[in-house]
Amino acid sequence: NAMAKSHLSPYSIDVLVVGSKTKTKAARTQFETWASHPSIRHFVLATEYDDPDPNCSSSSTQKKDVERIVSTCRPGKLRNKFWEKHNAVSKLTTFWKSWEFARLQWLEGKPNPAGWLCAQKRFVSSFTKLVQLYDTKDALPDYLIIVDDDTYINLEHITEYLLKSPQRQAQEGISDDERYVPLPTTPVVFAGCRIRSPDNNIKQTMPFGGFGTFFSKGSLTRWMEPIRCGSSSTEFEQTICQKYLPSSSSTNHKSELDKYPFHVTIGEGQFFQSGDSLNQVFHRYIHEMEYFCLHSDWFFGYIANFLNISRHVVPKGEIPVVGQGQSAKWFDQYDENANATENRLHAIMGGELYGRPEGFCLYGNGLENAAKMRKETHTWIPARRGGRKYDPSYKVNQECQANTTICHYMKEEDMERIHRESIKFSRSSTP
């Protein structure tokens, strides 16, 4: 359901909110507050009606159905062979197994366990459905932002960071390769809060979805362009063709394809034919696969890092704007393994979650989700005067404030209040 509005800004941002038909008020509040910014062109809400199976949440409410999905996706006594069945065994999918997707005990703490499982597919189905509506690359926005229905974004900050500043730098002769934020025509995917897996296990990053995933026009162009396998294929096309159709590769390339990360898939190759776009491939994938054994954040991390729709992270890492440490900058700029081929997901203003949250990963109001759960991801441990660097007994939730750029777990009344305060703040700081 698109909430139409006039668009007069020279910048264009589309927003896809993945929510629920039971919480449309939350999306309405987003639309009337931060998404009322003039840069917003289209605001789209995806609900259960956009699921591959619109009755997913209602038809899977029985505990045995949830248990069946969990047993299919999680390793256990039967040592499930989900990834083996789809010819998608790799270092990445093996690592995901160790992360124990959707533990039953964890799901039982949610108000609607089946609804959560169905929502993971909804992110993918609504994303591919929306991209289908873009007839040509000329119809693409400068950025598409995918968020939860409890996300707050200060669009004045985001347009300055992602659009205005890169444009000024380009006019000054600074090339895309020399700066962390390129022009929107460059393929790049940003995370409002980037999660980084333990470096000693795997070089893998993913967005913390509630803080937004930001796709540039360049990345969407790659996502929707037809991929033709042949002698005249572009480098991007050759990469995808070699991944999905190994028989089309030359002998010199085959040995390389057997190595990580080039051979990594999540089983989507079975839905690919020469001439398809990645969007078409994953639209079939999400509608035809009976089980989807991924968190939606894992999915977006996979397509950004392993399908080359985002440029490689440049060694211009940024110091977090708030919080302690320099994890994001260290990983992008100093880590000797940062040049790994699959390091392609960028972090907005140093938002990184690696052991401890930094940047915008700090901002969440710690809302109660259920009696057995409390969202405490966004806590940080400040330094103690005259003592150790960190005091593990002292945790503080960072509440969203008027000048905060991205926040998660926002109540509707808090979103309205922060929006009013941000307008006042903006006016008071204008010369």
Side-chain angles (χ1 to χ4, degrees), residues 1-7 13-61 107 110-134 141 143-155 158 192 207-215 286-287 292 295-297 300 364-370 373 375 400 406-420 422:
N1 302 303
M3 300 178 183
K5 59 177 290 184
S6 59
H7 181 259
I13 296 176
D14 290 352
V15 175
L16 171 61
V17 176
V18 182
S20 172
K21 61 186 179 184
T22 64
K23 291 179 59 182
T24 56
K25 184 181 177 182
R28 172 64 67 176
T29 302
Q30 290 174 309
F31 176 72
E32 293 174 348
T33 56
W34 61 267
S36 64
H37 191 272
S39 65
I40 299 297
R41 185 182 65 165
H42 298 302
F43 182 93
V44 181
L45 169 62
T47 69
E48 289 83 350
Y49 297 118
D50 300 290
D51 288 349
D53 175 9
N55 298 314
C56 177
S57 296
S58 58
S59 63
S60 301
T61 52
L107 281 172
K110 290 185 170 293
N112 184 359
W116 184 89
L117 290 170
C118 296
Q120 304 315 304
K121 274 191 168 186
R122 188 175 310 142
F123 278 87
V124 185
S125 60
S126 58
F127 174 51
T128 58
K129 183 178 180 180
L130 177 59
V131 173
Q132 285 181 330
L133 299 178
Y134 297 128
Y143 272 90
L144 169 64
I145 308 176
I146 302 178
V147 297
D148 291 354
D149 59 7
D150 58 359
T151 303
Y152 172 84
I153 298 178
N154 187 316
L155 264 299
I158 290 299
F208 194 132
F211 291 89
T213 307
F214 301 70
F215 293 85
I286 203 63
H287 283 81
F292 183 66
H295 191 292
S296 56
D297 293 350
F300 287 121
N365 287 357
L367 302 183
E368 289 186 2
N369 188 36
M373 294 181 61
K375 294 179 178 177
C400 191
I406 304 173
C407 304
H408 187 21
Y409 301 137
M410 294 290 288
K411 293 180 180 178
E412 293 151 23
E413 56 267 30
D414 288 335
M415 206 174 294
E416 292 170 341
R417 173 180 55 81
I418 293 299
H419 180 64
R420 290 193 301 268
S422 68

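- Proximity of R420 to R417: side-chain heavy atoms (C-beta onward) are separated by under 4.5 Å at one or more points.
- Proximity of a side-chain donor or acceptor of T213 to a complementary backbone N or O of G209 within less than 3.5 Å is not detected.
- Remark: P141 engages S12, D14, R41, Y134, L144, L220 in a side chain to side chain contact (heavy atoms under 4.5 Å, CB included) (not counting sequence neighbours).
- From I145, atom CD1 reaches atom CD1 of I153 across 4.5 Å, with rounding to the nearest 0.5 Å.
- Residues F43 and Q30 are in side-chain contact: their nearest non-hydrogen atoms beyond the backbone lie under 4.5 Å apart.
- For D297, the side chain to side chain contact (heavy atoms under 4.5 Å, CB included) partners at least two apart in sequence or on another chain are M206, H295.
- Residues F123 and A119 approach most closely at CD1-O, 3.1 Å, considering heavy atoms.
- Taking CD1 from I158 and CD1 from I13, the interatomic distance works out to 7.5 Å, rounded to the nearest 0.5 Å.
- Note: T151 OG1 to W34 CH2 = 7.0 Å, rounded to the nearest 0.5 Å.
- Applying the side chain to side chain donor-acceptor pair (under 3.5 Å) rule to S296 yields the partners Q120; only residues at least two apart in sequence or on another chain are considered.
- Scanning both residues, S422 and N154, for their nearest heavy atoms gives CB-ND2, 4.3 Å.
- Taking a cutoff of 4.0 Å between a charged side-chain nitrogen and a carboxylate oxygen, R122 and D50 do not qualify as a salt bridge.
- Judged by distance alone, the side chain of D51 and the main-chain N or O of P54 form no donor-acceptor pair under 3.5 Å.
- Separation of atoms CE (M410) and OG1 (T33) is listed at 8.5 Å; rounding is to 0.5 Å.
- Of the inter-residue distances, the one linking L133 atom CG with H42 atom NE2 reads 9.5 Å to the nearest 0.5 angstrom.
- Using a 4.5 Å heavy-atom cutoff, the side chains of V17 and D148 are not in contact.
- Note that the SG atom of C400 and the OH atom of Y152 stand 6.5 Å from one another [nearest 0.5 Å].
- Contact of the V44 side chain with the V15 side chain is not registered, since no non-hydrogen atoms from C-beta on lie closer than 4.5 Å.
- In this view, D149 and K23 satisfy the salt bridge (Lys or Arg N to Asp or Glu O under 4.0 Å) rule, not counting sequence neighbours.
- Listed by chain and residue number, P52, I286, F292 satisfy the side chain to side chain contact (heavy atoms under 4.5 Å, CB included) test with K121 (two or more places apart in sequence, or in another chain).
- Every residue meeting the side chain to side chain contact (heavy atoms under 4.5 Å, CB included) condition with S20, not counting sequence neighbours, appears here in chain and number order: T22, E48.
- Looking at heavy atoms from C-beta onward, I146 lies in side-chain contact with F215 at the 4.5 angstrom threshold.
- Between the side chain of D53 and the main chain of N55, a donor-acceptor pair closer than 3.5 Å is present.
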Run the side-chain contact (heavy atoms from CB on, under 4.5 Å) test on L16 and V147 for me, step by step, so that the C-alpha distance in whole Å, both residues' side-chain angles and the decisive distance to 0.1 Å come before the verdict. CA-CA 6 Å; L16 171 61; V147 297; over 6 Å; no

